[in-house]
Amino acid sequence: MKNFLAHKKVLLGVSASISAYKSLFLLRLLQQAEAEVKVILTPHAAKFIPPLNFELLSHQKVYCDLWQEGNYWSEHVHLANWADLFIIAPCTLNTLSKLANGICDNALLATWFACNATKVVALAMEENMYFNPITQRNLEILKATSTYILEPEDGELASGKIGKGRLAEPETILKKLNYIIAPKPLQGKKVLITAGPTQESIDPVRFISNHSSGKMGIALADTACMLGAEVTLILGPTPMRPNYSYKVYSVVSAEQMYKAVMENYIEQDILILCAAVADYKPLKYSENKIKKNHSQWELSLVKNPDILKALGAIKRPEQLLIGFALETEKGIENATQKLIEKNADMIILNYANYPNSGFSTDTNEVILIQKNIPPTPLPQEKKENVAYQILNYIVDLLN
Ligand code: CTP
């Protein structure tokens with residue numbers, strides 16, 4: 001997951017809930033994401049978690065009382081102007097109601113109303129309080145003023161009851177903040193991505209496949225989603241899962257991947273074929289397990305459909321078609337040949353035999369190959385950062 005929180009200035013507001021202890025963990029996670037964090041507590045929150053805890057962890061003064069000694073009168077305005085992002089976690093019903101109705105009787109609220117940054121509330125309250133029609137009406141008011149609502153989760157509540165109301169886990173909140181803060185240059189664009197390997201069955205227990213993990217394709221899909229695209233991921237068999245919520249078609253064989261792509265390609269603006277499709281499948285599938293009663297075994301294979309090539313033949317001129325090329329030698333030559341033969345707009349070349357590159361690794365090093373311009377190498381980085389660079393490059397091509 002590409003980190004968009006680095007160097008962002010984050011105000012962490014904490015209101016009075018038993019779940020306020022989780023905001024200490026959230027503070028740590030934000031710091032690990034290299035965000036700069038300042039904390040504001042409501043006076044009652046300070047009864048749950050003494051401000052000193054936040055002060056020691058944030059290495060910053062903690063704000064709690066508008067009338068705190070040493071504060072100057074416009075401290076809340078300075079804080080509000082400082083922030084890129086303001087998250088209240090946990091946000092109690094009391095604080096939520098005040099936010100929705102313009103009540104400004106503590107430092108956290110005064111800063112909130114003075115703040116024009118991206119605003120988020122992560123709710124925590126008892127289930128009946130959450131479903132109360134007045135709470136729901138107040139949530140609608142906040143949504144209408146462009147506040148992002150992080151819904152409470154189901155589980156055990158402070159009362160011992162099981163229900164909806166728990167503050168989301170700090171990791172979940174961090175992931176959502178990262179999504180919210182990301183720029184959205186792909187807003188309004190539809191992007192289809194294929195990822196992972198395919199498996200071609202020989203018999204009920206055996207198959208032909210390759211070492212693809214799906215990491216690069218999922219990084220591209222996650223990042224495209226964060227950048228605002230409507231993403232469709234056609235995913236081969238891999239235990240890896242997307243980090244965000246978008247349309248995912250799980251497939252096993254090349255035939256299934258081909259079918260899923262053909263059913264979905266028409267409405268797409270951008271098609272990125274990252275999957276390591278098995279080039280061949282067994283000529284015949286054996287319904288029963290093949291026994292090892294011969295010292296040698298020859299398996300006849302037939303070619304699978306080439307999905308990229310098929311799309312290159314039918315795509316609309318305004319659709320951007322991008323393929324990958326995994327090579328071990330003559331990379332530029334082979335990738336250029338694929339670009340032309342498959343009628344793609346760009347081929348992303350990577351090497352299976354470079355250190356920390358290609359299949360299964362967390363990093364990758366790619367070269368962008370296009371017609372009539374010199375190859376563009378990108379630096380070796382984590383796959384999510386490579387995905388971000390590729391998508392940024394694509395955004396430039398669109399403009
Ligand atoms: N591809 C595809 N369908 C296939 C094979 C490949 O859509 N049956 C796509 C891949 O997703 C990738 C591009 O074609 O975007 C190049 O894949 P690669 O495996 O590097 O090359 P191949 O075309 O399979 O050729 P070769 O194996 O001879 O290098």
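One-based numbering, in listed order, for ligands and for the atoms of each.
Taking every heavy atom of Gly323 and a limit of under 4.0 angstrom, the matching atoms of ligand 1 come to 15 (O). Atoms of ligand 1 lying under 4.0 Å from at least one heavy atom of Ala325, given by number and element, are 20 (O). Taking every non-hydrogen atom of Leu273 and a distance limit under 4.0 Å, the qualifying atoms of ligand 1 come out as 7 (O), 11 (O), 12 (C), 15 (O). For ligand 1 and Ala275, the ligand atoms under 4.0 Å from any heavy atom of the residue are 10 (C), 11 (O). Every atom of ligand 1 with a heavy atom of Leu326 under 4.0 Å away is listed here by number and element: 20 (O). Of all atoms in ligand 1, listed by their number and element, those nearer than 4.0 Å to a heavy atom of Pro305 are 3 (N), 4 (C), 8 (N). In summary, the atoms of ligand 1 found under 4.0 Å from a heavy atom of Leu308, numbered by their order in the structure, are 2 (C), 7 (O), 9 (C), 13 (C), 14 (O), 15 (O).
The part of Asp279 lying near ligand 1 is the side chain, judged by heavy-atom distances below 4.0 Å. By the criterion of a heavy-atom distance under 4.0 Å, neither the backbone nor the side chain of Lys309 is placed next to ligand 1.
Tested against Lys259 for a side-chain hydrogen bond (donor to acceptor under 3.5 Å, both in side chains), the candidates Glu255, Gln256, Glu263 yield a single pass: Glu263.
For atom 27 (O) of ligand 1, the nearest protein heavy atom is under 4.0 Å away. The nearest protein heavy atom to atom 19 (O) of ligand 1 is not closer than 4.0 Å.
In this structure, the side chain of Asp269 engages the main chain of Lys190 through a donor-acceptor pair within 3.5 Å. Listed for the Ser15 side chain is no donor-acceptor partner under 3.5 Å among the backbone atoms of Thr95. At distances below 3.5 Å, at least one donor-acceptor pair connects side-chain atoms of Asn210 with backbone N or O atoms of Ala276.
At a threshold of 4.5 Å between side-chain heavy atoms, the hydrophobic network of Ile, Leu, Val, Met, Phe, Trp and Tyr places Ile149 and Leu99 in one connected group.
For the pair Ala344 and ligand 1, no heavy-atom separation below 4.0 Å is found. Contact analysis leaves Ala254 out of contact with ligand 1, as no non-hydrogen atom separation drops below 4.0 angstrom.
Lys164 NZ: more than 12 foreign heavy atoms inside a 6.0 Å radius.
Ring planes of Tyr244 and Tyr179: tilted class, angle from 30 to 60°.
Here the closest heavy-atom approach between residue Val386 and residue Glu381 is recorded as CG2-O, 3.6 Å. Taking each heavy atom of Met226 and Asn178 in turn, the nearest pair found is SD-ND2, 3.8 Å.
Residue contacts with ligand 1: Cys274 is placed with no nitrogen or oxygen under 3.5 Å of a nitrogen or oxygen of the ligand (distance criterion only). Backbone and side-chain nitrogen or oxygen atoms of Ala278 are examined, and none is located within less than 3.5 angstrom of a nitrogen or oxygen of ligand 1. For ligand 1, the polar-atom distance check finds no N/O of Thr194 at less than 3.5 Å from any of the ligand's N/O atoms. The shortest N or O to N or O distance between Lys342 and ligand 1 is under 3.5 Å.
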Begin from the C-alpha positions of Phe48 and Tyr21 and carry the test ring pair (Phe, Tyr, Trp, His ring centres under 6.0 Å) through to its verdict. CA-CA 8 Å; Phe48 282 93; Tyr21 73 93; over 10 Å; no
Begin with the C-alpha distance, continue with both residues' side-chain angles, and end with the deciding distance and a verdict on side chain to side chain donor-acceptor pair (under 3.5 Å) for Gln370 and Tyr393. CA-CA 12 Å; Gln370 287 169 275; Tyr393 194 91; 2.7 Å; yes
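Taking atom 3 (N) of ligand 1 as the reference point, the nearest protein heavy-atom neighbour is Ile307 N, 3.0 Å. Atom 21 (O) of ligand 1 has Lys338 NZ, 2.8 Å as its closest protein atom, hydrogens excluded (heavy atom only). At the shortest separation from atom 17 (O) of ligand 1 among protein heavy atoms lies Phe324 O, 3.7 Å.
Between atom CD1 of residue Ile272 and atom CE of residue Met346 there is a gap of 7.5 Å, rounded to the nearest 0.5 Å.
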